[in-house]
Amino acid sequence: MNKPHGLSVATDGDVTKGPFSLFLVNPQTKEVLRGSDGKKLEKVDAGTVTVDNGVVTKAEGYTILSPRQINTAYEDISAMSVPFTDKTTVKVQGVRTAFEGTKRMVYNKSSDTITNTATGDVYSVKKVGLSEHFVNAEGESLAQSWKQNVGLANYSRLFTEGNLASQFLKAFAWTIIFALGSVLLTFGLGFFLALTLNDDRIKGKKLYRSFLLLPYAVPGFISLLVWSNFYNQDFGLINRMMHVSIPWLSDPTMAKIAVLLTNTWMGFPYMFIVCTGALQSISGDVKEAAKMDGASGMQATWRIVTPLLLVAVAPLLVSTFAFNFNNFNAIQLLTEGGPFPAGEYTRGGTDILISMVYRIAFGRAGSDFGFASAVSVVLFAVTGVLAALQFRATKKLEDVN
């Protein structure tokens, strides 16, 4: 790009709908040029315009738009194609500046090709997946494509292409393990701590409970980023303190364990709060009756307290499972879905379904928005079915009452 020109946007019609014209002032020659959409810039008689501070402030037959008016119509103004020359065009930047930009991608209508004038690459139409793209001789395609009807082809592709179906099933299996493991670990730890601190013989319970809530007070994305540094194999806090060299984030199995441990750390305070409230709502008479019947403390807890508590917290466990089933942040911020096998970009070792969808749409796997959308719909259906099955199972707990 060349040096910036002073820009003024004008119209001889409506200030919001146009049509718009661009007035440019060359900062060196002070020459004033005017152009409109699809029409090349032409020199303007200096006597018909007023220039102040390097921009046109008045022009005969035109209304000069204010910065606020330009912002209102900026989408239309920035989309204008105003040629400087046959090879350059005006690039609007902001409300008072424009550049002379070089056209690198030139479309040839007769051959239906696009030529990169900087590299000489010629792109012709070729079908890539379910979409048509402009592809060069090396097989590299431009990101742009166009709308076309593919019907149910994306869904068929998910279940018929061997590699994609395999990756989907592996991601689905790990998603179930991750969501279920997160619920069991957070609930187990939260319930144990709530049960322990519910004993009246413990002094300073309020202080202990306050400390246990600290992980819940820290924003999740900060905790995940901090923990990702803790797992560094060479300089991480965990390996340094334990004097070991565990490949937390480079080994698929250890990366999965790291994800579950971190999610447990972040999730147990919530379960601790819920279980504490549920335990305090259970009448002490129930426990006393169990003891009078000869039940030990462990038996009363397991056979009386736990079923009563599950009646209250079961719906929360279902919602927690659904949340972790689509817990994108826990994966993306901690491991970024990795580690990745050599040459594989669709799914990493810790990718759950939602992070796999993100990678298909925006990651190194490409920009396959249609296929990613199809997987998202399938994911929505799977989540709904699992939630329905869980609610049906937890409904049996109502018999406890």
Side-chain angles (χ1 to χ4, degrees), residues 172-217 220 256-257 259-327 330 352 382-401:
F172 176 72
W174 163 236
T175 304
I176 294 292
I177 295 171
F178 168 70
L180 188 60
S182 296
V183 172
L184 293 177
L185 289 172
T186 54
F187 174 72
L189 181 57
F191 179 44
F192 170 76
L193 293 172
L195 196 63
T196 301
L197 293 179
N198 199 48
D199 194 325
D200 294 332
R201 294 172 295 178
I202 297 179
K203 296 181 179 180
K205 291 191 295 182
K206 292 183 179 179
L207 181 62
Y208 295 141
R209 285 171 176 166
S210 299
F211 281 127
L212 290 175
L213 294 180
L214 287 178
Y216 198 48
K256 289 181 173 67
I257 293 174
V259 169
L260 286 172
L261 288 176
T262 305
N263 216 32
T264 301
W265 163 262
M266 295 176 59
F268 87 85
Y270 171 74
M271 292 299 182
F272 170 70
I273 295 172
V274 171
C275 291
T276 298
L279 286 173
Q280 292 178 351
S281 67
I282 297 175
S283 174
D285 296 340
V286 177
K287 303 175 188 177
E288 290 296 330
K291 290 181 181 179
M292 291 178 65
D293 289 340
S296 65
M298 182 62 70
Q299 289 175 326
T301 299
W302 183 251
R303 296 181 180 274
I304 306 297
V305 175
T306 302
L308 289 173
L309 179 135
L310 286 175
V311 173
V313 304
L316 296 175
L317 296 180
V318 173
S319 64
T320 302
F321 177 87
F323 171 79
N324 283 297
F325 197 85
N326 293 308
N327 194 348
I352 58 176
V382 170
T383 305
V385 171
L386 290 175
L389 292 174
Q390 289 171 335
F391 276 119
R392 185 175 181 180
T394 55
K395 189 177 181 181
K396 297 178 180 179
L397 292 172
E398 295 178 3
D399 295 336
V400 174
N401 286 334

Table please: side-chain donor-acceptor pairs of residues 173-184 below 3.5 Å, with sequence neighbours left out.
residue: Trp174; atom: NE1; partner: Thr350; partner atom: O; Å: 3.0
residue: Thr175; atom: OG1; partner: Ala171; partner atom: O; Å: 2.6
residue: Thr175; atom: OG1; partner: Leu353; partner atom: N; Å: 3.0
residue: Ser182; atom: OG; partner: Phe178; partner atom: O; Å: 2.7
residue: Ser182; atom: OG; partner: Asn263; partner atom: ND2; Å: 2.9

Item to check | Residue pairs, two or more places apart or on separate chains, that pass salt bridge (charged side-chain N to carboxylate O under 4.0 Å, His left out) and touch residues 175-203 | outcome: Asp199-Arg201, Asp200-Lys205
Checklist entry - Got a sec, which pairs hit salt bridge (charged side-chain N to carboxylate O under 4.0 Å, His left out) with one end in residues 174-194, sequence neighbours left out? => result none
Donor-acceptor pairs are to be reported for all side-chain atoms of residues 300-317 against protein atoms at under 3.5 Å, with residues two or more places apart or in another chain.
residue: Thr301; atom: OG1; partner: Gly297; partner atom: O; Å: 2.9
residue: Thr306; atom: OG1; partner: Thr301; partner atom: O; Å: 2.8

Donor-acceptor contacts under 3.5 Å from residues 264-277 side chains, at least two apart:
residue: Thr264; atom: OG1; partner: Leu260; partner atom: O; Å: 2.7
residue: Thr276; atom: OG1; partner: Phe272; partner atom: O; Å: 2.7

Next on the checklist: Tell me which pairs pass ring-ring contact (aromatic ring centres under 6.0 Å, His included) where either residue lies in residues 191-211, with sequence neighbours left out.
Outcome noted: Phe187-Phe191
Checklist entry - Quick one: salt bridge (charged side-chain N to carboxylate O under 4.0 Å, His left out) partners of Asp285, sequence neighbours excluded? => result none
Item to check | Pairs satisfying side chain to side chain donor-acceptor pair (under 3.5 Å), at least one member in residues 312-322, at least two apart | outcome: none
Item to check | Heavy-atom closest contact (Gln390 atom, Val318 atom, distance) | outcome: OE1-CG1, 3.4 Å
Checklist entry - Closest heavy-atom contact between Leu197 and Arg209? => result O-NH2, 3.0 Å
Item to check | For Ser281, all residues meeting side-chain contact (heavy atoms from CB on, under 4.5 Å), sequence neighbours excluded | outcome: none
Checklist entry - Between OG1 of Thr383 and CZ of Phe323, what distance do you get to the nearest 0.5 Å? => result 13.0 Å
Checklist entry - How about Leu189 and Leu185: do any of their side-chain heavy atoms sit closer than 4.5 Å? => result no
